[in-house]
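Before any comments, here is the structure.
Throughout, a chain's letter reflects where its sequence line sits, starting with A, and its residues are numbered from 1. Keep in mind the model is a prediction, meaning the values are calculated, not measured.
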Amino acid sequence: MDEFSQNIYTILSFLGEGKLITYGQLASQAGYPAHSRHVGKILARLPKDTRLPWFRVVNSQGKISLQGDALIRQKNLLEKEGIKVTEEGKIVKFKQYLG
DNA sequence: CACGTGACGTCTA
DNA sequence: TTAGACGCCACGT
């Protein structure tokens, strides 16, 4: 477990309900601005029963980067927190949910 | 060592 | 607003 991953987990654990963050912001806040892609890899290997709010992470365009059933899962979790998402996975009023 | 790939980002037309 | 071109970095082959 490297420092970058630890930072990602810490930042996510402090991300409150109804708040969103992008891969790029996570990477930057973790101290490695150029590692936005790596954030995805780290999230992808999280256990299914993790307590971390991985579903509050979207790309800089305000869209969910997952596909198929995974997209549906994240969509449902977000809507459960009052965030509206279109069929294509686009977050409605995306910028309102950032820090 | 070269190359392809991925839950990405920024610029530009 | 959308698409394509590039940039970026860790990893497996």
Side-chain angles (χ1 to χ4, degrees):
Chain A
M1 192 58 66
D2 56 291
E3 173 188 305
F4 181 60
S5 301
Q6 284 295 346
N7 291 338
I8 296 297
Y9 299 146
T10 300
I11 295 171
L12 263 189
S13 71
F14 274 91
L15 189 59
E17 182 176 319
K19 293 284 184 95
L20 296 181
I21 192 172
T22 70
Y23 296 90
Q25 291 177 339
L26 260 181
S28 295
Q29 290 178 32
Y32 298 80
H35 290 59
S36 54
R37 300 195 72 135
H38 195 47
V39 172
K41 289 201 171 232
I42 292 174
L43 296 185
R45 83 182 196 208
L46 284 174
K48 287 192 306 183
D49 57 5
T50 181
R51 181 187 67 78
L52 293 175
W54 56 270
F55 51 86
R56 300 192 185 126
V57 183
V58 297
N59 64 33
S60 67
Q61 310 304 305
K63 293 192 298 185
I64 292 177
S65 291
L66 296 178
Q67 299 294 314
D69 55 330
L71 165 59
I72 304 303
R73 281 201 298 280
Q74 183 167 1
K75 182 179 183 309
N76 290 332
L77 287 168
L78 289 177
E79 293 183 324
K80 196 181 302 180
E81 300 194 342
I83 299 175
K84 295 178 182 176
V85 185
T86 70
E87 281 300 316
E88 300 78 33
K90 175 124 180 166
I91 310 297
V92 180
K93 303 286 192 296
F94 165 59
K95 296 183 179 178
Q96 292 189 341
Y97 304 104
L98 294 179

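- Within 4.0 Å of Q67(A), counting heavy atoms only, lies no atom of the nucleic acid at all.
- The two residues A30(A) and I8(A) come nearest to each other via the heavy atoms CB-CD1, 3.8 Å.
- Distance, Y32(A) OH to dG7(C) C1': 20 Å, rounded to whole Å.
- As a whole-Å value, the separation of R45(A) CZ from dA10(C) C1' is 11 Å.
- To the nearest angstrom, C1' of dC8(B) lies 11 Å from CZ of F4(A).
- Remark: R73(A) CZ to L66(A) CG distance equals 8.0 Å, nearest 0.5 Å.
- K84(A) approaches Y97(A) most closely through the heavy-atom pair N-OH, 4.3 Å.
- The aromatic rings of F4(A) and H38(A) lie parallel to each other, with less than 30° between the two planes, well short of the 60° mark.
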**Dot-bracket notation for DNA chain B, counting Watson-Crick and G-U pairs under 3.5 Å, with | for partners on another strand** = .|||||.||||||
Side chains of residues 49-59 of chain A: which donor-acceptor pairs under 3.5 Å do they make with residues two or more places apart or in other chains?
residue, atom, partner, partner atom, Å
T50(A), OG1, L52(A), N, 3.1
R56(A), NE, E81(A), OE1, 3.0
R56(A), NE, E81(A), OE2, 3.3
R56(A), NH1, L15(A), O, 2.8
R56(A), NH1, G16(A), O, 3.4
R56(A), NH2, E81(A), OE2, 2.6
N59(A), OD1, Q61(A), N, 2.9
N59(A), OD1, G62(A), N, 3.2
N59(A), OD1, K63(A), N, 3.0
N59(A), ND2, K63(A), O, 3.2
N59(A), ND2, S65(A), OG, 3.2

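- In this structure, D2(A) places its CG atom 15 Å from P of dC9(C), rounding to the nearest Å.
- Of the residues in residues 87-99 of chain A, none has a non-hydrogen atom less than 4.0 angstrom from any atom of DNA chain C.
- For the pair L98(A) and Q25(A), the tightest heavy-atom approach, listed with the atom from each and the gap, is CD2-OE1, 4.0 Å.
- Among dA10(C), dC8(B), dA7(B), the nucleotide with an atom closest to any side-chain atom of H38(A) is dA10(C).
- Between R37(A) and K41(A), the residue anchored nearer the 5' end of DNA chain C, judged by the nucleotide with its closest heavy atom, is R37(A).
- Rounded to an integer number of Å, the gap from I8(A) CD1 to dA10(C) P is 13 Å.
- Out of dA7(B), dT10(B), dC9(C), the shortest distance to the side chain of S60(A) is found at dT10(B).
- Closest approach of I64(A) to Q74(A), counting heavy atoms only: CG2-OE1, 3.1 Å.
- Of the candidate nucleotides dA7(B), dC9(C), dG9(B), dC9(C) has the atom lying nearest to any side-chain atom of H35(A).
- Counted by atom type alone, D2(A) and S5(A) present one or more donor-acceptor pairs between their side chains at under 3.5 Å.
- Using a 4.0 Å heavy-atom distance criterion, S65(A) is classed as a sugar-phosphate-only contact.
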**Request:** For Q29(A) and N7(A), run side chain to side chain contact (heavy atoms under 4.5 Å, CB included): C-alpha distance rounded to whole Å, both residues' side-chain angles, the deciding distance at 0.1 Å, then the answer.
**Result:** CA-CA 8 Å; Q29(A) 290 178 32; N7(A) 291 338; over 6 Å; no
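- G24(A) approaches S36(A) most closely through the heavy-atom pair CA-CB, 4.1 Å.
- Remark: P of dA7(B) and CG of L46(A) are 13 Å apart, rounded to the nearest angstrom.
- If you measure from atom CD of Q61(A) to atom P of dC11(B), you get 11 Å, rounded to the nearest angstrom.
- With rounding to whole Å, I21(A) atom CD1 is found 15 Å from dC8(B) atom P.
- Comparing the same atom, P, in dA7(B) and in dC6(C) gives a spacing of 23 Å after rounding to whole Å.
- Straight-line distance between the C1' atoms of dG7(C) and dG6(B): roughly 14 Å, to the nearest whole Å.
- Within the nucleic acid shown, A44(A) comes within 4.0 Å of at least one base atom, counting heavy atoms only.
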